[in-house]
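Sequence positions, counted from 1, serve as the residue numbers for this chain.
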Amino acid sequence: MIDLHLQAKRMKRGGRDSDHNSSEEGTAEKSKKLRTTNEHSQTCDWGNLLQDIILQVFKYLPLLDRAHASQVCRNWNQVFHMPDLWRCFEFELNQPATSYLKATHPELIKQIIKRHSNHLQYVSFKVDSSKESAEAACDILSQLVNCSLKTLGLISTARPSFMDLPKSHFISALTVVFVNSKSLSSLKIDDTPVDDPSLKVLVANNSDTLKLLKMSSCPHVSPAGILCVADQCHGLRELALNYHLLSDELLLALSSEKHVRLEHLRIDVVSENPGQTHFHTIQKSSWDAFIRHSPKVNLVMYFFLYEEEFDPFFRYEIPATHLYFGRSVSKDVLGRVGMTCPRLVELVVCANGLRPLDEELIRIAERCKNLSAIGLGECEVSCSAFVEFVKMCGGRLSQLSIMEEVLIPDQKYSLEQIHWEVSKHLGRVWFPDMMPTW
């Protein structure tokens, strides 16, 4: 009996010893893990990250955050001044009284111009509606005498404030870039007072490299000015301009054997006051020559006209691929679209009136075999005609944006039924839109 009692005490003490040993082992393991974690954290010294990694992070930071980050350590500051970080830059110039957008800090602009102007290659300016912001942009442009820009964009986020500047001041600043760059490939100068002489300077210094030119709403440029660009810049692939600059001579110049095949031609057809703008007619032979030379070109036309001003358009076949009607357009004009635009890929009609467009839609489906996107706003189409239109176009309609109030129920289909019927012919679920998506 005594022996059993002693044995039980020993077993109990042994269990306590075992628990004690296990506890010690657990503590030792935790200490080992803690030391490993501390050693690992010491090896991941953020200040000694590879500069290529820091550079990629800095490229995604806003300018002010980038400047603050550069003060963390010497390594990060060195990255902040690497030329690769400053090849692409966007100046945001806004006045606090006229804009809620953040502006590039003036002191940072001075530092960029002083230390990195010769590194800049891809530059854009976003200005608000104030004249002061446009002037600031011109002041920066006039200082870019040691840089060789590849792309330049002047973007008005609201009203075109560059048009408020004295023309000579703007041209002087822009000419600095044209003369010193020598390798501009992309130029976006919509809504600016650029003129023919400045375009000649552009061509004289950048004719071998210019590939994209967007200059809609530039009232000081004449057809002769844009023709000069087309004659000399044989590598031009994208061009955007107002209709008053489009001419038979321009299309023939773009169709010459010396010129590369144009990929995109955007034409803005705009009238501010009804009846006060004369729209000329482009000869069918000029369009034909243009398409023979550039058979895959996208011809995009934006119409902001009053109904009585459409008479010169769509009288014979034109190679438009994308048509956007920003104001009300008549049934007659849409009927002519179906007859004269066989290359049509996308059609957007913001408004039409109260007469259903049933026949016009059916004609477009019959004649425009490449149509893949359509948007209808303040129009009317019977449900039966709309279903027939979708049935004729089939699955090639990748974008079908139709406001619900456009569809008029008839004896064959209600608004509830048309959802299923259209989805069946599209091969995917479709619903009418509650608001415009274009």
### Query
Would you say the side chain of Phe386 lies within less than 4.5 Å of the side chain of Asp410, judging by non-hydrogen atoms?
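Answer no - side chains too far apart.
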### Query
Can you list the steps and then say if Arg336 with Asp332 is a salt bridge (charged side-chain N to carboxylate O under 4.0 Å, His left out)?
CA-CA 6 Å; Arg336 298 195 324 246; Asp332 177 59; 2.6 Å; yes
### Residues, nucleotides or ligands: over 12 heavy atoms within 6.0 Å of Lys59 NZ
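For Lys59, atom NZ is crowded (more than 12 foreign heavy atoms under 6.0 Å).
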### Query
Do NZ/NE/NH1/NH2 and the carboxylate oxygens of Asp190 and Lys188 come within less than 4.0 Å?
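No, Asp190 and Lys188 are not salt-bridged.
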### Task
Please report the closest heavy-atom contact between Glu309 and Ser271, naming both atoms and the distance.
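Smallest interatomic distance, heavy atoms only, reads OE2-OG, 2.8 Å.
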### Task
Look only at the side chain of Arg266 and the backbone of Lys214, and say whether a donor-acceptor pair between them is shorter than 3.5 Å.
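Checked: no pair found.
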### Task
Go through the steps for Val269 and Met301 under the test side chain to side chain contact (heavy atoms under 4.5 Å, CB included), then give the verdict.
CA-CA 7 Å; Val269 192; Met301 301 186 74; 4.1 Å; yes
### Message
Tell me whether Arg355 at atom CZ has more than 12 heavy atoms from other residues, nucleotides or ligands lying less than 6.0 Å away.
### Response
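No, not enclosed.
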### Query
Roughly how far apart are Phe80 CZ and Leu61 CG, rounded to 0.5 Å?
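If I round to the nearest 0.5 Å, the distance is 10.5 Å.
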### Task
Scan side-chain atoms only and decide if Asp191 and Ser156 contain a donor-acceptor pair under the 3.5 Å cut-off.
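No donor-acceptor contact under 3.5 Å links the two side chains.
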### Message
I'd like to know if the side chain of His322 reaches the main chain of Val348, judged simply by a donor and an acceptor atom lying under 3.5 Å from each other, with no hydrogens or angles considered.
### Response
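Answer holds: no.
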### Task
On the 0 to 90° scale, with breaks at 30° and 60°, tag the Phe314-Phe303 ring pair as parallel, tilted or perpendicular.
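Tilted.
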### Backbone of Lys150 reached by a side-chain donor or acceptor of Ser185 within 3.5 Å
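Indeed, once roles are kept as given, a pair shorter than 3.5 Å links the two residues.
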#### Entry: Ser372 vs Val345 side-chain heavy atoms within contact, under 4.5 Å
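Ser372 vs Val345: side chains touch.
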### Query
How long is the span from the CG atom in Asp358 to the CD atom in Glu388, to the nearest 0.5 Å?
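Going from CG on Asp358 over to CD on Glu388, the span is 11.0 Å.
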### Query
Within the side chain of Ser172, is there an N or O that forms a donor-acceptor pair under 3.5 Å with the backbone of His169?
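It does not hold such a pair.
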### Query
Can any side-chain N or O of Thr340 pair as donor or acceptor with the backbone N or O of Arg315 at less than 3.5 Å?
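No: the side chain of Thr340 does not pair with the backbone of Arg315.
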### Message
If you apply the rule side chain to side chain contact (heavy atoms under 4.5 Å, CB included), what do you find for Leu165 with Phe162, and how did you get there?
### Response
CA-CA 6 Å; Leu165 299 178; Phe162 286 107; 4.1 Å; yes
### Message
I'd like to know if the side chain of His259 reaches the main chain of Cys233, judged simply by a donor and an acceptor atom lying under 3.5 Å from each other, with no hydrogens or angles considered.
### Response
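Here the side-chain-to-backbone pair exists.
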### Task
First locate atom CG of Leu407, then atom CD1 of Ile418, and finally report the distance between them rounded to the nearest 0.5 Å.
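These two atoms lie 4.5 Å from each other.
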### Task
State plainly whether the residues Lys424 and Glu421 are in salt-bridge range, i.e. N to O under 4.0 Å.
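A salt bridge links Lys424 with Glu421.
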### Query
Do side-chain atoms of Asn242 reach the backbone of Leu245 as a donor and acceptor pair under 3.5 angstrom?
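No: the side chain of Asn242 does not pair with the backbone of Leu245.
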### Task
Please report the shortest heavy-atom distance between Leu144 and Val176, naming the atom on each side.
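Closest pair (atom of Leu144, atom of Val176, distance): O-CG1, 4.0 Å.
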### Task
For Val221 and Leu241, run side chain to side chain contact (heavy atoms under 4.5 Å, CB included): C-alpha distance rounded to whole Å, both residues' side-chain angles, the deciding distance at 0.1 Å, then the answer.
CA-CA 10 Å; Val221 175; Leu241 64 163; over 6 Å; no
### Message
Could you measure the distance from the CZ atom of Phe125 to the CD atom of Glu92? Nearest 0.5 Å is fine.
### Response
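It comes to 12.0 Å.
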### Student check: side-chain heavy atoms of Pro312 and His280 closer than 4.5 Å
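They are not in side-chain contact.
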### Message
Under 6.0 Å between ring centres: does that hold for Phe313 and Tyr243?
### Response
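Yes, they do, as the ring centres are separated by less than 6.0 Å.
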### Message
Does Arg261 have more than 12 heavy atoms from other residues, nucleotides or ligands lying within 6.0 Å of its CZ?
### Response
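Incorrect, the count does not exceed 12.
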### Query
Are any of the side-chain nitrogens in Glu263 or Arg237 under 4.0 Å away from the carboxylate oxygens of its partner?
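Yes, this pair counts.
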### Flag side-chain contact, heavy atom, 4.5 Å: Leu254 against Ser294
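No. Closest side-chain heavy atoms not under 4.5 Å.
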### Closest non-hydrogen atom pair between Leu347 and Ile364, with its separation
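So the minimum-distance heavy-atom pair works out to CD2-CD1, 3.7 Å.
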### Task
Would you sort out whether Cys341 and Ile318 count as a side chain to side chain contact (heavy atoms under 4.5 Å, CB included), showing the intermediate values?
CA-CA 6 Å; Cys341 300; Ile318 62 171; 4.0 Å; yes
#### Entry: Exercise: identify the closest heavy-atom pair between Val229 and Leu213
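Closest approach of Val229 to Leu213: CG1-CD2, 3.9 Å.
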### Task
Would you indicate whether Glu359, at its atom CD, is surrounded by more than 12 heavy atoms from other residues, nucleotides or ligands within a distance under 6.0 Å?
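No, the 6.0 Å shell around CD holds no more than 12 heavy atoms from other groups.
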#### Entry: Polar side-chain atom of His234 near backbone of Asp208 as donor-acceptor pair, under 3.5 Å
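Answer holds: no.
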### Task
Report yes if the side chains of Val203 and Asp231 come closer than 4.5 Å at any heavy-atom pair, otherwise no.
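With C-beta onward as the side chain, the pair stays apart.
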### Message
Restricting to non-hydrogen atoms, name the atom on His419 and the atom on Ser423 that form the minimum distance, rounded to 0.1 Å.
### Response
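Of all heavy-atom pairs spanning His419 and Ser423, the closest is O-OG, 2.7 Å.
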### Query
Parallel under 30°, tilted from 30 to 60°, perpendicular over 60°: which one fits the rings of Tyr324 and Tyr302?
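Judged by the thresholds at 30° and 60°, the geometry between Tyr324 and Tyr302 is parallel.
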### Message
Cation-pi check for Tyr306 against Arg327: NZ or CZ below 6.0 Å from the six-membered ring centre and within 45 degrees of the axis, yes or no?
### Response
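Yes, Arg327 sits over the ring of Tyr306.
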### Message
Go through it in stages, so that I can follow the logic: the residues are Asp139 and Ser142, the test is side chain to side chain donor-acceptor pair (under 3.5 Å), and I'd like the CA-CA distance, side-chain angles, deciding distance and then a yes or no.
### Response
CA-CA 5 Å; Asp139 290 341; Ser142 63; 4.9 Å; no
### Message
Under 3.5 Å, is there a donor on one side chain and an acceptor on the other for Ser285 and Gln283?
### Response
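Side-chain D/A pair, Ser285 to Gln283: absent.
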### Task
Specify the closest pair of heavy atoms between Phe325 and Val337, including all atoms of both residues, with the distance to one decimal.
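Taking every non-hydrogen atom into account, CZ-CG2, 4.0 Å.
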### Message
Within a 6.0 Å radius of atom NZ on Lys200, are there more than 12 heavy atoms belonging to other residues, nucleotides or ligands?
### Response
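No, because the 6.0 Å sphere around NZ of Lys200 holds 12 heavy atoms or fewer from other groups.
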### Query
Out of curiosity, Cys368 SG to Leu344 CG, how far, rounded to the nearest 0.5 Å?
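Here the interatomic distance stands at 4.5 Å.
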#### Entry: Side chain proximity check, Trp287 to Leu299, heavy atoms < 4.5 angstrom
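In short, these two side chains touch, coming nearer than 4.5 Å.
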### Message
I'd like to know if the side chain of Thr209 reaches the main chain of Leu184, judged simply by a donor and an acceptor atom lying under 3.5 Å from each other, with no hydrogens or angles considered.
### Response
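Yes.
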### Task
Give a yes or no answer on whether the side chain of Asn206 reaches the backbone of Ser183 with a donor-acceptor pair at less than 3.5 Å.
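It does hold such a pair.
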### Message
Any non-hydrogen side-chain atom of Arg292 less than 4.5 Å from a side-chain atom of Ser255?
### Response
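Counting from C-beta outward, Arg292 and Ser255 never come under 4.5 Å.
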### Query
Does any non-hydrogen side-chain atom of Lys331 lie less than 4.5 Å from one of Leu357?
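Result yes, sub-4.5 Å side-chain heavy-atom pair found.
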### Task
Report, as yes or no, whether the 6.0 Å neighbourhood of atom NZ on Lys412 holds more than 12 heavy atoms from other residues, nucleotides or ligands.
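Check fails, neighbour count at 12 or below.
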### Message
Salt bridge check, Arg159 against Asp164: does any charged N sit closer than 4.0 Å to a carboxylate O?
### Response
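The answer is yes: the pair qualifies as a salt bridge.
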### Query
To the nearest 0.5 Å, how far apart are CG in Leu415 and SG in Cys383?
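Those atoms lie 5.0 Å apart.
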### Message
Which label fits Trp86 and Phe89: parallel for a plane angle under 30°, tilted from 30 to 60°, or perpendicular past 60°?
### Response
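Rings of Trp86 and Phe89: tilted, 30 to 60°.
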